[in-house]
Amino acid sequence: MSNLSYVSPTADSPWGTYLSQVESVLPYLGHLARWAETLRRPKRALIVDIPIELDSGAVAHFEGYRVQHNLSRGPGKGGVRFHPDVNLEEVMALSAWMTIKNAAVNLPFGGAKGGIRVDPKQLSLKELERLTRRYTSEIGLIIGPDKDIPAPDVNTNAQIMAWMMDTYSMNVGSSATGVVTGKPIPLGGSLGRVKATGRGVFVVGREAARRKNLSLDGARIAVQGFGNVGSAAAELFAGSGGKIVAVQDHTGTIYNAHGLDMALLMAELHEKGGIGAFKGADRIANEDFWDVESDFLIPAALEGQLQGARAKRVKTRIVLEGANGPTTNEADHILADRGILVVPDVIANAGGVTVSYFEWVQDFSSFFWTEDEINLRLDKIMVEAFRRILDVAEQHHVPLRTAAFVVACTRVLQAREERGLYP
Ligand code: GLU
C-alpha cells in the first residue's frame, strides 16, 4: 500500500484499487519496474478553497482539487467532476486512471483530474457559474493549453467548459480555446464529443463480442447510469439490433425482457431528467439490477459499484466499464474466475478523451473536421488500442485490465526513463 501521509486508502477505495492494479503489472515491466514508484505518487496535487456568494447573499465555501498524476508523456488531461463525495483520494485515483487511459490509447497526454465537493443540484445556474469561475481561477496556476487541459466528467458539461474557457482566457488576456475540451461548438468544441465516450464503449463492445463469437443482433444489454455515457452507448447498441433489457439511474431501475423502446426512453430522459417512472417497462428494486440476465453489462455510473457480492451474482458475458473504476479488485478476480470478460475502463471509456484530443488538435490548428471524420478516426484508434491490449493479454495469459496496464505503464515509464531525472 501507499506510504503517502495524506491519504489512507483501503483495499476497495479508489486509490487502493488503483495501487493493487499497479502491483499486478510489475512482473511484466522488465527493467522499467525500477521506475514504478512514479506510478504510486501523483506528481502534483492542488487543493483550493472556493468561496462564492450565494443568491441569498450568504457566502459558502467549497473544496476543490486538481491533481496531475503524471506528465511524462505530455500535458495533463482529464475531466472535472462536481459531486458531494469528491475528495482528494478519489481525484488522485481518477487522475492516475487518466494517465493509464491516455497511454493505453497512445494519446500524447499525461493524466490529471479535478473536482469540487458539491451537490450541483442544490445550486442555481448563477451560483454554479460563480463556483466554476472561481475554481478555474484558483487552479489557473497549473492549467493551460500546453500544461493541463480539463474536460467534462460527472455532473459537468459544455456550459461549464465555456465558463472555464472564458475565465481562464480573461485571466491570461487572450482567447485560449485549447485550455479545456468538451466546449460548445461555437467556442471551438468538436463535433461528436458529447457522445464520444458512449460511442467508444460501443466500439470496444463490438470488438469484444467478435472475440466471443457473440452477435450484437439480439444481444441483451443492462446499463447502470443513464447519463452522457450510458445513454449514448445504449442507443448505439440498440441501433445494431441489441435489446436494452435493464437501465438504472438515480431515479430507479427499470426492466423489460423484450428490450426498451429507446426513442421513447430518450424522450422520457429529456423530459423528466431520469428514467425511473418510464411506462414501457417494469420497475424493479435497485439491487435486483445485478440479477438481470444480459450479454453485456455496462456499469456507467460511479466507482466501486460492482463489488464482490454483486460479481458473484451477475449473469452476463461481457462487462464494459463505461464508468471509471466501477469494479473492485475482489470483484475483478471473481469475474475472471467465472469466465466473464471485463473490458476495463481505461480502454472501454477512452472514447471521450480521444475526441477531446481531436478537439485540442482542431483548436490548435483552427481547422475543424466533419463528424464522419471524427467518428472514423475514433473507431480506428479504439480498435487498434483494443487489439493491441488483446494481443498482450494473450501473450501473458492475463486479464484485459492487466494487459492495458502493461501497455500503458510501459509507455509512461519509457518516457520517464528517457527523460531522466531533473536536476
Ligand atoms: N472525463 C472523461 C474521462 O474520464 C474525459 C476526460 C477528457 O476528455 O479529458 O475519460
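Note that ligands are numbered from 1 as they come in the structure, with each ligand's atoms numbered from 1 the same way. Heavy-atom basis, side chains included; hydrogens, waters and symmetry copies ignored.
- Side chain of Lys183 to main chain of Thr177: a donor-acceptor pair is present (N/O by atom type, distance under 3.5 Å, no hydrogens or angles).
- Looking at Glu63, Glu138, Arg134 one by one, the single match for side chain to side chain contact (heavy atoms under 4.5 Å, CB included) with Val48 turns out to be Glu138.
- Protein residues lining ligand 1, listed by chain and number: Lys77, Gly78, Gly79, Met98, Lys101, Lys113, Ala151, Pro152, Asp153, Arg193, Asn324, Gly352, Val353, Ser356 [non-hydrogen atoms, distance under 4.0 Å].
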*Checking side chain to side chain donor-acceptor pair (under 3.5 Å) for the pair Trp97/Gln21: CA distance, chi angles, key distance, verdict?*
CA-CA 10 Å; Trp97 283 322; Gln21 292 166 348; 2.8 Å; yes

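- For Thr10 and Asp12, the side-chain atoms include no donor-acceptor pair closer than 3.5 Å.
- A donor-acceptor pair under 3.5 Å is absent between the side-chain atoms of Thr327 and the main chain of Asp332, judged by distance alone.
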N/O donor to acceptor pairs below 3.5 angstrom from side-chain atoms of residues 99-117, sequence neighbours left out:
| from | atom 1 | to | atom 2 | distance (Å) |
| --- | --- | --- | --- | --- |
| Thr99 | OG1 | His69 | ND1 | 2.7 |
| Thr99 | OG1 | Ser95 | O | 3.4 |
| Thr99 | OG1 | Gly111 | N | 3.4 |
| Lys101 | NZ | Asn324 | OD1 | 3.0 |
| Lys101 | NZ | Asn349 | OD1 | 2.7 |
| Asn102 | ND2 | Met98 | O | 3.1 |
| Asn102 | ND2 | Gly110 | O | 2.7 |
| Asn106 | OD1 | Arg73 | NH2 | 2.8 |
| Lys113 | NZ | Asp153 | OD1 | 2.9 |
| Arg117 | NH1 | Val86 | O | 2.7 |

